[in-house]
Amino acid sequence: MAVASDSLYLGIDFSTQQLKVVAIDGNLNVVHQNNVQFDSELPEFRTQGGVHIHNDKLVVTSPVLMWVKALDLLLDKMKRAGFDFSRLRSLSGSGQQHGSVYWKKGANQVLHQLDPDESLHQQLQGSFAVAESPVWMDSSTGPQCQYLQSTVGGAQMVADITGSRAYERFTGNQIAKLYQTKPDQYHNTERISLVSSFAASLFLGDYAAIDYSDGSGMNLLDINTRSWSEVCLQASAPNLLELLGTPQPSTDQLGLVSSYFVCRYGFSPDCRVVAFTGDNPGSLAGMRLQEGDIAVSLGTSDTVFSWIKEPRPTLEGHIFCNPIHCASYMALICFKNGSLTRERIRNECAGGSWEIFSSALKDTPLGNHGNIGIYFDAMEITPPAEGVHRLDQQSNPVSGGESVVEGQFLAKRLYAEKLGYKIVAGTRVLATGGASNNKEILQVLSDVFDAPVYTLDVANSSCLGGAYRALHGKN
């Protein structure tokens with residue numbers, strides 16, 4: 001793909017705590033970065049960590065207008081910094097997964113007629129049927145999840161269709177709750193967007209399609225046909241086919257940027273908007289994963305995601321449509337017990353010294369003499385279990401903490417393979433996060449996956465993935 005030498009490509013990420021932007025040139029060099037922190041720069045919305053946690057501790061929301069005003073602020077910052085919007089050839093981005101935006105009837109007309117002399121948040125104040133969007137931290141839809149699974153034929157059937165069993169944070173269950181508890185707001189809704197397609201809609205000046213990849217995190221999209229599942233829609237709320245619109249490939253160009261941005265900020269009128277996607281799929285693009293690769297993020301919680309061809313949905317983990325290659329998929333698995341557990345064992349067995357702990361790891365043979373460690377200090381997500389067990393080959397208790405690392409990585413490989421991941425010729429393990437600085441930990445990771453490990457220093461990988469996807473978006 002030939003690109004003009006002065007062309008720039010923009011990636012924008014509407015994450016939980018901030019709005020971020022990265023611009024790259026045609027050689028993938030980062031030429032501009034900026035951000036808006038919601039709590040500190042938009043204090044009038046009174047968020048903590050970008051959200052409102054309600055009194056029951058289950059309902060967690062974010063103000064839609066905060067996201068809109070953040071975009072005003074971000075673009076103003078870029079303009080003051082001298083960023084040349086006229087060089088932009090295309091833009092894309094991502095949003096925190098599962099969050100939903102409810103456009104009020106008549107809102108699309110407002111998007112079509114935006115006045116470049118006024119800010120977005122001033123003009124869109126009355127455009128949302130629901131002022132507080134439910135986000136991924138919300139866990140208030142247990143009854144809706146149970147109903148979906150009982151109606152469709154069980155948790156595994158929901159996973160077989162949508163890539164995941166019913167989860168409280170998933171958008172379809174949030175929509176069902178809104179319809180049941182606030183029907184007036186639901187019936188006043190003209191279009192339902194994900195955070196990602198909401199962001200794309202702002203730039204298009206029109207409702208943007210939900211992309212296949214982010215749509216996979218709703219418990220509504222059939223990941224096999226890449227269309228809405230009729231049985232899941234019927235179990236959620238009425239008229240959803242109309243309210244959701246037709247999903248589109250994550251690589252599609254949706255159209256030209258709204259004239260609002262051309263007139264107000266000097267965008268090129270030829271700048272194209274590529275479908276936005278979720279933040280996790282965006283990270284797959286930003287980390288440049290290829291078929292057979294697996295990425296392991298080693299942080300407070302550990303996350304594993306991989307590029308797969310033949311998915312096998314299970315009750316643990318998630319299968320999403322791949323945001324880069326429309327015939328492929330990505331698997332995503334979260335593990336709650338990550339660095340805090342490793343640090344606790346380091347403190348117990350090595351007096352708080354990483355050097356001593358790493359030396360013990362280095363001296364421990366591959367397979368740890370047949371011993372295995374299972375360390376679930378907190379209630380684990382994958383699998384839902386708690387407790388610490390150190391066992392030999394005969395299941396007798398043993399001492400020693402070196403097995404924490406090997407045990408954690410064995411679980412990651414086990415659950416990744418359950419979802420369809422396969423080690424193939426050329427497989428790479430891409431490690432990121434704090435623990436990826438420890439060579440001995442990475443050696444254990446390499447041994448368990450029987451593949452070379454590469455470390456990635458990729459900050460804002462989802463935002464960067466948006467810029468890459470902007471460059472490679474298809475007509």
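Everything numeric in this text was worked out from a predicted model, so none of it was measured.
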How about S250 and D211: does a side-chain donor come under 3.5 Å of a side-chain acceptor? yes
Apply the test side-chain contact (heavy atoms from CB on, under 4.5 Å) to residues V158 and L148: give CA-CA distance (whole Å), side-chain angles for both, the deciding distance (0.1 Å), then the verdict. CA-CA 8 Å; V158 174; L148 176 66; 4.2 Å; yes
What I'd like to find out is whether the side chain of E291 reaches to under 4.5 Å of the side chain of S328, using heavy atoms alone. no
Does any N or O in the side chain of S339 come within less than 3.5 Å of the main-chain N or O of G299, such that one atom is a donor and the other an acceptor? yes
N/O donor-acceptor pairs under 3.5 Å from side chains in residues 441-450, not counting sequence neighbours:
from: Q443; atom 1: NE2; to: D447; atom 2: OD1; distance (Å): 2.9
from: S446; atom 1: OG; to: A451; atom 2: O; distance (Å): 2.8

Residue pair L71 / L202, side-chain heavy-atom distance below 4.5 Å: yes
Search all heavy atoms of A331 against all heavy atoms of I308 and return the closest pair with its distance. CB-CD1, 4.0 Å
Exercise: identify the closest heavy-atom pair between V130 and Q185: CG2-OE1, 3.3 Å
Run the side-chain contact (heavy atoms from CB on, under 4.5 Å) test on T171 and I175 for me, step by step, so that the C-alpha distance in whole Å, both residues' side-chain angles and the decisive distance to 0.1 Å come before the verdict. CA-CA 6 Å; T171 323; I175 293 170; 4.2 Å; yes
Just by distance, do the side chain of D302 and the backbone of V296 share a donor-acceptor pair under 3.5 Å? no
Does any non-hydrogen side-chain atom of I324 lie less than 4.5 Å from one of T251? no
Answer yes or no: is there a donor N or O on one side and an acceptor on the other, between the side chain of E132 and the main chain of V60, under 3.5 Å? no
Would you say the side-chain atoms of S403 and Y375 include a donor-acceptor pair closer than 3.5 Å? yes
Using the ring of Y329 (Phe, Tyr or Trp, six-membered ring only), decide whether R226 places NZ or CZ under 6.0 Å from its centre and within 45 degrees of its axis. yes
Are any side-chain N or O atoms of E168 and backbone N or O atoms of G142, one a donor and one an acceptor, separated by less than 3.5 Å? yes
Please work out whether the ring planes of F198 and F128 are parallel, tilted or perpendicular, with thresholds of 30° and 60°. perpendicular
side-chain contact (heavy atoms from CB on, under 4.5 Å), that's the test. Do L340 and D377 meet it? Break it down for me. CA-CA 9 Å; L340 297 181; D377 288 358; over 6 Å; no
Which distance, rounded to the nearest 0.5 Å, do you find between the CZ of R342 and the OG1 of T300? 9.5 Å
Is it true that the side chains of D279 and S94 contain a donor and an acceptor less than 3.5 Å apart? no
Between I192 and L240, is a side-chain contact (heavy atoms from CB on, under 4.5 Å) present by the stated rule, with each step listed? CA-CA 9 Å; I192 299 173; L240 276 182; 3.9 Å; yes
Would R413 pass as a cation-pi partner of Y415, given that its NZ or CZ must be under 6.0 Å from the six-membered ring centre and within 45 degrees of the axis? no
For the side chain of R312 and the backbone of E417, is there at least one donor-acceptor N/O pair under 3.5 Å apart? yes
Validation row: N219, Q144 side chains within 4.5 angstrom (heavy atoms): no
Closest non-hydrogen atom pair, S197 against I210: OG-CG1, 3.6 Å
Looking at every heavy atom in both P313 and Q156, which two are closest together, and how far apart are they? O-NE2, 3.0 Å
Which pair of non-hydrogen atoms, one from W228 and one from T246, has the smallest distance, and what is that distance? NE1-CA, 4.4 Å
Looking at side-chain heavy atoms only, is the closest gap between V405 and F357 below 4.5 Å? yes
Please check if atom CD in Q37 has more than 12 non-hydrogen atoms from other residues, nucleotides or ligands closer than 6.0 Å. yes
Would you say the side chain of D25 lies within less than 4.5 Å of the side chain of L8, judging by non-hydrogen atoms? yes
Answer yes or no: are there more than 12 heavy-atom neighbours, outside W136 itself, under 6.0 Å from its atom CH2? no
Between T162 and A159, is there a donor-acceptor pair closer than 3.5 Å when you use the side chain of the first and the backbone of the second? no
Interatomic spacing from OG1 in T427 to CH2 in W307 - rounded to 0.5 Å: 13.0 Å
Indicate the atoms forming the closest heavy-atom contact of W103 with S201, along with that distance. CZ2-CB, 3.9 Å
Could you tell me the separation between the OG atom of S283 and the CZ atom of F305, rounded to the nearest 0.5 Å? 5.0 Å
For T277 and D214, does a side-chain donor sit closer than 3.5 Å to a side-chain acceptor? no
Between S62 and G50 (side chain of the first, backbone of the second, donor and acceptor by atom type, cut-off under 3.5 Å), is there such a pair? yes
Can you confirm whether Y9 sits close enough to V31 that some side-chain heavy atom of one is under 4.5 Å from a side-chain heavy atom of the other? no
State whether the number of non-hydrogen atoms from other residues, nucleotides or ligands found under 6.0 Å of F45 atom CZ is greater than 12. yes
Regarding N280 and Q97, do their side chains bring together a donor and an acceptor under 3.5 Å, going by distance alone? yes
Has S229 got a side-chain atom pairing as donor or acceptor with L220's backbone, closer than 3.5 angstrom? no
Test S227 against D222 for side-chain hydrogen bond (donor to acceptor under 3.5 Å, both in side chains), laying out the working first. CA-CA 6 Å; S227 60; D222 186 329; 5.7 Å; no
Between NE2 of H318 and CD1 of I223, what distance do you get to the nearest 0.5 Å? 12.0 Å
State the CG-CZ distance between D160 and R165, to the nearest 0.5 angstrom. 14.0 Å
Which value, rounded to the nearest 0.5 Å, describes the distance between K20 atom NZ and L464 atom CG? 11.0 Å
So, the side chain of N437 versus the backbone of G434: is there a donor-acceptor pair under 3.5 Å, distance only? yes
I'd like to know if the side chain of Q408 reaches the main chain of N337, judged simply by a donor and an acceptor atom lying under 3.5 Å from each other, with no hydrogens or angles considered. yes
Just so I know, are the side chains of M218 and L244 near enough to count as touching, which here means a heavy-atom distance under 4.5 Å? yes
